[in-house]
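Reviewing the structure listed below.
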Amino acid sequence: MTDRERQLLTWIEEKPLISQQELAQRAGITRSSVAVHISNLMKKGLIQGKGYILQTRPYAVVIGGASTDIFGCPAKPLIARDSNPGTVSLSPGGVGRNIAHNLSLLGEQVKMITAFGEDVHAEQITRNCRELGIDISCSLTVPNAATSTYLFITNHFGDMELAISDMEIYNHLTPEFLSGKMDLINRSRICIADTNPPQETLEYLAENCKCPLFVDTVSTTKAVKLRGILDKIHTIKPNRMEAQLLTGITITDDASLEKAALHFLKLGVKQVFISLGSEGVFCADKDTCIKLPCYPAQIMNTTGAGDSFLAALAWAHLEGFSLADAARAGLAASSICVASKETISPQISTDNILAVINKNGSEIYI
């Protein structure tokens with residue numbers, strides 16, 4: 001935000017119905033110059049709509065992928081190199097969008113920064129975000145480009161067997177683009193990023209983000225982007241393979257798992273949650289190291305479980321939960337998620353997360 005924009009925003013906060021002419025007279029500039037500054041403040045998300053409606057409610061920012069998921073599930077065990085009877089469905093997806101969706105279900109105000117193409121998929125994702133109350137006004141639309149798509153096939157148990165992702169559009173999320181959004185980001189309570197944006201963009205974000213930065217590593221291929229900025233990350237959620245890649249420590253047992261987690265802390269991360277799949281999670285901060293098992297669940301579809309886990313971690317952080325209780329919230333959200341055929345379970349809620357935790361021997365109340 002420029003000094004002039006900060007000056008104008010202060011006057012608008014004091015008097016929301018102030019006219020552009022009065023702002024011009026106070027600032028000693030022309031009315032047309034004020035209009036340009038107001039337009040810039042709106043683009044940055046600091047003023048919303050007409051009448052100078054200011055962003056005052058606390059919010060979270062999510063930066064990353066928003067795609068269309070194409071999901072195929074066979075009716076019987078998969079047969080390679082053959083046509084398998086089953087079901088195919090389309091739904092809004094993307095790690096960042098999924099996290100934003102879960103956060104919205106948990107009652108958080110969410111602003112999403114992503115890149116869209118100009119196609120039917122963009123229209124569908126945009127409509128879905130608006131229905132959920134996710135603000136995408138600061139996202140980028142790339143002319144004549146294709147919105148990200150993610151094609152995945154599971155086995156008949158719901159575990160992913162194969163996936164193909166078309167995510168070239170995220171290369172347009174450049175440091176230059178993000179620089180115009182930093183005021184919005186730094187006014188948020190928390191920023192959550194996935195590793196779909198380019199490495200230089202993630203580095204720019206880490207260097208300039210003043211609020212707690214949570215990162216989902218997404219995959220081993222994309223996790224390497226984080227090697228030089230781990231000391232700027234508040235909370236990271238890798239799986240076992242990604243943790244090995246980022247720490248250089250081979251994980252074979254609980255001792256090496258703890259060693260890897262502590263290495264993340266030495267590198268500057270404040271909290272680490274290493275996902276162990278069906279074995280649960282190992283988490284650590286400067287005071288605690290703990291391994292927690294998954295909560296019981298009837299598994300219908302594991303896709304999206306990690307996204308719900310990270311969203312619950314972010315919510316738990318905002319609620320002031322301890323490391324262990326935040327991990328329990330993540331595990332509870334994941335157990336709710338995998339019991340649904342949908343990538344995002346409509347049953348995700350703060351009440352249901354707390355109910356799962358309390359039912360399984362721990363008591364958390366908010």
Side-chain angles (χ1 to χ4, degrees), residues 43 45 48-49 59-73 86-154 158 160 162-173 177 181 184 192-197 216 218-219 222 300-308 310-311 333 336-338 340-349:
K43 289 176 182 177
Q48 300 178 336
Y59 60 91
V61 170
V62 179
I63 303 170
S67 65
T68 294
D69 286 350
I70 305 172
F71 165 41
C73 181
T87 59
V88 176
S89 61
L90 277 74
S91 64
V95 172
R97 195 219 67 89
N98 289 349
I99 293 170
H101 188 159
N102 278 288
L103 277 172
S104 179
L105 293 176
L106 293 173
E108 297 297 328
Q109 176 100 352
V110 185
K111 295 181 181 294
M112 173 100 197
I113 299 175
T114 188
F116 296 110
E118 286 186 326
D119 53 24
V120 66
H121 294 313
E123 294 173 4
Q124 292 168 343
I125 297 169
T126 297
R127 188 182 314 115
N128 174 261
C129 286
R130 286 173 178 162
E131 289 171 354
L132 293 166
I134 299 170
D135 182 353
I136 55 170
S137 62
C138 288
S139 291
L140 176 68
T141 297
V142 183
N144 303 315
T147 301
S148 170
T149 52
Y150 180 65
L151 168 65
F152 65 99
I153 298 173
T154 70
M160 189 176 71
L162 182 68
I164 298 175
S165 58
D166 177 2
M167 300 189 177
E168 289 297 313
I169 194 166
Y170 301 132
N171 290 332
H172 293 275
L173 293 175
F177 169 76
K181 313 299 176 186
L184 177 78
I192 304 154
D194 67 29
T195 52
N196 282 305
D216 191 301
V218 179
S219 69
K222 297 178 180 179
M300 300 293 291
N301 175 19
T302 59
T303 304
D307 304 335
S308 62
L310 186 56
I336 295 168
C337 178
V338 300
S340 172
K341 291 183 178 180
E342 302 175 50
T343 302
I344 309 296
S345 172
Q347 299 304 313
I348 290 286
S349 69

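Judged by distance alone, the side chain of N102 and the main-chain N or O of N98 form a donor-acceptor pair under 3.5 Å. The main-chain N or O of C337 is never found under 3.5 Å from a side-chain atom of S308 such that the two would form a donor-acceptor pair. Judged purely by atom type and a 3.5 angstrom limit, S139 has no side-chain atom pairing as donor or acceptor with the backbone of A115. Side-chain atoms of S148 come within 3.5 Å of backbone atoms of D166 as a donor-acceptor pair (strictly under, hydrogens ignored). Side-chain N or O atoms of D194 include one that pairs as donor or acceptor with a backbone N or O of G96 at under 3.5 Å.
E342 is not listed as a side-chain neighbour of N301, based on a closest heavy-atom distance of 4.5 Å or more. A 4.5 Å side-chain heavy-atom check between K222 and M167 finds at least one atom pair inside the cut-off. I125 is not listed as a side-chain neighbour of T114, based on a closest heavy-atom distance of 4.5 Å or more. The side-chain heavy atoms of I192 and D216, taken from C-beta on, include no pair separated by under 4.5 Å. Side-chain contact between R97 and C129 is present, with at least one heavy-atom pair separated by less than 4.5 Å. Looking at heavy atoms from C-beta onward, T302 lies out of side-chain contact with M160 at the 4.5 angstrom threshold.
The two atoms that bring F177 and H172 nearest to each other are CB-O, 4.3 Å, heavy atoms only. When all heavy atoms are compared, the tightest approach of S137 to D135 is OG-OD1, 2.7 Å.
For F71, the ring-ring contact (aromatic ring centres under 6.0 Å, His included) partners at least two apart in sequence or on another chain are F152.
Applying side-chain contact (heavy atoms from CB on, under 4.5 Å) to S104 and the options I134, I99, I344 leaves one that passes, I134.
Contacts classified as ring pair (Phe, Tyr, Trp, His ring centres under 6.0 Å) and involving residues 89-135 (residues at least two apart or in different chains) are not found.
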